[in-house]
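These notes concern the structure reproduced below.
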Amino acid sequence: MKFGAFDLRIVTDGRFRLDGGAMFGVVPKVLWEKKAPADEKNRILMTTNCLLIRTGKQNVLIETGMGSRWSDKERGMYGIEETGLLPERLRALGVPPESIDLVLISHLHFDHAGGGTFENEAGEVVPTFPNADYVIQAGELEHARHPYARDRASYRPYDFEPVARAGKWKTIEGDVEIVPGIRALKIKGHNETIQSFELESEGHAGYYFADTLPMTPHVAIPWVMGYDLYPHELTEAKTRLLTTAVAERRLCVFEHDPEIPWGIVVEDAPGKRRVDAVALDAAEFEPEPALTR
């Protein structure tokens, strides 16, 4: 999809399942299951919607998905389907892994950073995108190496240490314009050092929320995950981001939503928001003029 001077493409790395109660925190199941039906193990279907941005000068990839290094036991536990296909899907678009210039990772949990490395024929775990710099908040890399007991299981050293050994990490601190039109936004919420991303090009604007708003039901301000370490700060950040998204009819990318990867957030009444899907095969992003309310 043309987005100003940018070309955007959703590229999924596959599907998986997590506990619905964990994904919606204190929201009762009788409410959330209307939005995301659970299976017999109380798990909901999720996906990994990575974003390829061709700026005209660089190929930028946001997130890397789950990757391929999963045991049969883990695949069963997380209901993993078709993961590790991101490189193949990028090649099909004419953008092989070697042509990616920048990899932007929101945080280093396995469903975001798992596809950033792979095991080569020699049995070595190496960066999947050999010519790219990998961009992360400095505090997140430090935290991944010294996680809390609560989130330790979400960090796997072989997702990020091979990138360090290759000298490919580019660490930043706070809100930073990474390249013209792509800005990292450090947001305390899901954890202390996650980053979402803001896109701007020729009058168009958008957000890649990552786990700040992982799925479309999370546009309801109180709907935060049980995984979120700082829920109060997160609701404040969501309020700020969604106020702008609604007012400016920004393109919003929902990383884990299997039905609506991207769309426009609409407020029908104060605090009552929904997401209008944007077609995946849309030729150009054309937001309707904002309504006067």
Would you mind reporting whether [Y] and [X] have side-chain heavy atoms less than 4.5 Å apart?
| X | Y | result |
| --- | --- | --- |
| Y78 | L18 | yes |
| F118 | V126 | yes |
| R17 | M46 | no |
| M1 | R9 | no |
| I182 | V60 | yes |
| R183 | I178 | no |

Quiz item: For L234, which fellow cluster members are found when Ile, Leu, Val, Met, Phe, Trp and Tyr are connected by side-chain heavy-atom distances below 4.5 angstrom, either directly or through intermediates?
Solution: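 Answer for L234: V224.
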Quiz item: When clusters are formed from ILVMFWY side-chain contacts under 4.5 Å, directly or step by step, what else is grouped with V95?
Solution: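 V11, L52, L61, L86, L90, L93, I100, V103, I105, L108, F129, Y134, I136, L141, Y155, F160, V163, W169, all in the cluster of V95.
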Self-check item: Residue pair R145, E161: steps toward the salt bridge (Lys or Arg N to Asp or Glu O under 4.0 Å) verdict
Solution: CA-CA 9 Å; R145 289 167 168 162; E161 293 298 3; 2.8 Å; yes
Less than 4.0 angstrom from a charged side-chain N to a carboxylate O is my criterion; do [X] and [Y] meet it?
| X | Y | result |
| --- | --- | --- |
| R75 | D72 | no |
| K2 | E284 | no |
| R273 | D268 | no |
| K170 | D133 | no |
| R250 | E198 | yes |

Exercise. Step through the shown structure and confirm whether more than 12 heavy atoms of other residues, nucleotides or ligands are within 6.0 Å of CD on E173.
Key: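 Counting other residues, nucleotides and ligands, CD of E173 stays at 12 neighbours or fewer.
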Quiz prompt | R69 CZ: over 12 foreign heavy atoms closer than 6.0 Å | solution =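 Result for CZ/R69: enclosed.
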Any donor-acceptor N/O pair, [X] side chain to [Y] backbone, under 3.5 Å:
| X | Y | answer |
| --- | --- | --- |
| T117 | P127 | no |
| E63 | A210 | no |
| N59 | I53 | no |
| D19 | R43 | no |
| N131 | E98 | yes |
| N191 | I194 | yes |
| W262 | C252 | no |
| K168 | P130 | yes |
| N49 | E255 | yes |

Quiz prompt | Test of ring centre spacing under 6.0 Å for Y227 and H109 | solution =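 Not under 6.0 Å, so no.
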Practice problem: For the pair T12 and T47, evaluate side-chain hydrogen bond (donor to acceptor under 3.5 Å, both in side chains) and give the outcome as yes or no after the intermediate values. | Solution: CA-CA 7 Å; T12 180; T47 191; 2.9 Å; yes
Quiz item: Does S68 have any side chain to side chain contact (heavy atoms under 4.5 Å, CB included) partners at least two apart in sequence or in another chain, and if so, which?
Solution: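 So S68 forms no side chain to side chain contact (heavy atoms under 4.5 Å, CB included) with any residue.
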Output all residues satisfying ring pair (Phe, Tyr, Trp, His ring centres under 6.0 Å) with [X], sequence neighbours left out; order by chain, then residue number.
| X | value |
| --- | --- |
| Y158 | none |
| F285 | F3, H204 |
| Y208 | none |
| Y230 | none |

Quiz item: Who passes side chain to side chain donor-acceptor pair (under 3.5 Å) against T64, sequence neighbours left out?
Solution: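 Checked T64 against side chain to side chain donor-acceptor pair (under 3.5 Å); zero matches.
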Quiz item: Centre of W70's six-membered ring, under 6.0 Å away, within 45 degrees of the axis: is that where NZ or CZ of R156 sits?
Solution: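 Because its charged atom sits under 6.0 Å from the ring centre and within 45° of the axis, R156 does stack over W70.
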Practice problem: Carefully, step by step, assess Q195 and I172 under the rule side-chain contact (heavy atoms from CB on, under 4.5 Å). | Solution: CA-CA 10 Å; Q195 54 188 3; I172 59 177; 3.4 Å; yes
Self-check item: same_hphob_cluster(M215, I260) at 4.5 Å side-chain heavy-atom cutoff
Solution: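 M215 and I260: separate clusters.
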Exercise. Return yes if a side-chain donor-acceptor contact under 3.5 Å exists between T83 and D13, otherwise no.
Key: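 T83 vs D13: no donor-acceptor pair found between side chains.
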Quiz item: Q137 and T193: side-chain donor and acceptor closer than 3.5 Å?
Solution: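 There is no such pair (donor and acceptor under 3.5 Å, judged by atom type) between the side chains of Q137 and T193.
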Quiz item: Which is it for L51 and L199 under the side-chain contact (heavy atoms from CB on, under 4.5 Å) test, yes or no, and what are the steps along the way?
Solution: CA-CA 11 Å; L51 184 66; L199 314 177; 3.9 Å; yes
Exercise. With sequence neighbours excluded, give me every salt bridge (charged side-chain N to carboxylate O under 4.0 Å, His left out) pair touching residues 203-231.
Key: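 Passing the test, one end in residues 203-231: no pairs.
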Practice problem: Would you mind listing every ring-ring contact (aromatic ring centres under 6.0 Å, His included) that reaches into residues 237-259, with sequence neighbours excluded? | Solution: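 Only F16-H256, H112-H256, F209-F254 qualify under ring-ring contact (aromatic ring centres under 6.0 Å, His included).
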Pair up each side-chain donor or acceptor in residues 238-246 with any protein partner under 3.5 Å, not counting sequence neighbours, and list the distances.
unit_1 : atom_1 : unit_2 : atom_2 : d
K238   : NZ     : H218   : O      : 2.6
K238   : NZ     : A220   : O      : 3.0
K238   : NZ     : I221   : O      : 3.2
K238   : NZ     : W223   : O      : 2.9
T239   : OG1    : T235   : O      : 2.8
T243   : OG1    : T239   : O      : 2.7
T244   : OG1    : R240   : O      : 3.4

Using atom types as modelled, flag every donor-acceptor pair under 3.5 Å from a side chain in residues 24-38 to any protein atom, sequence neighbours excluded.
unit_1 : atom_1 : unit_2 : atom_2 : d
K29    : NZ     : N42    : OD1    : 2.8

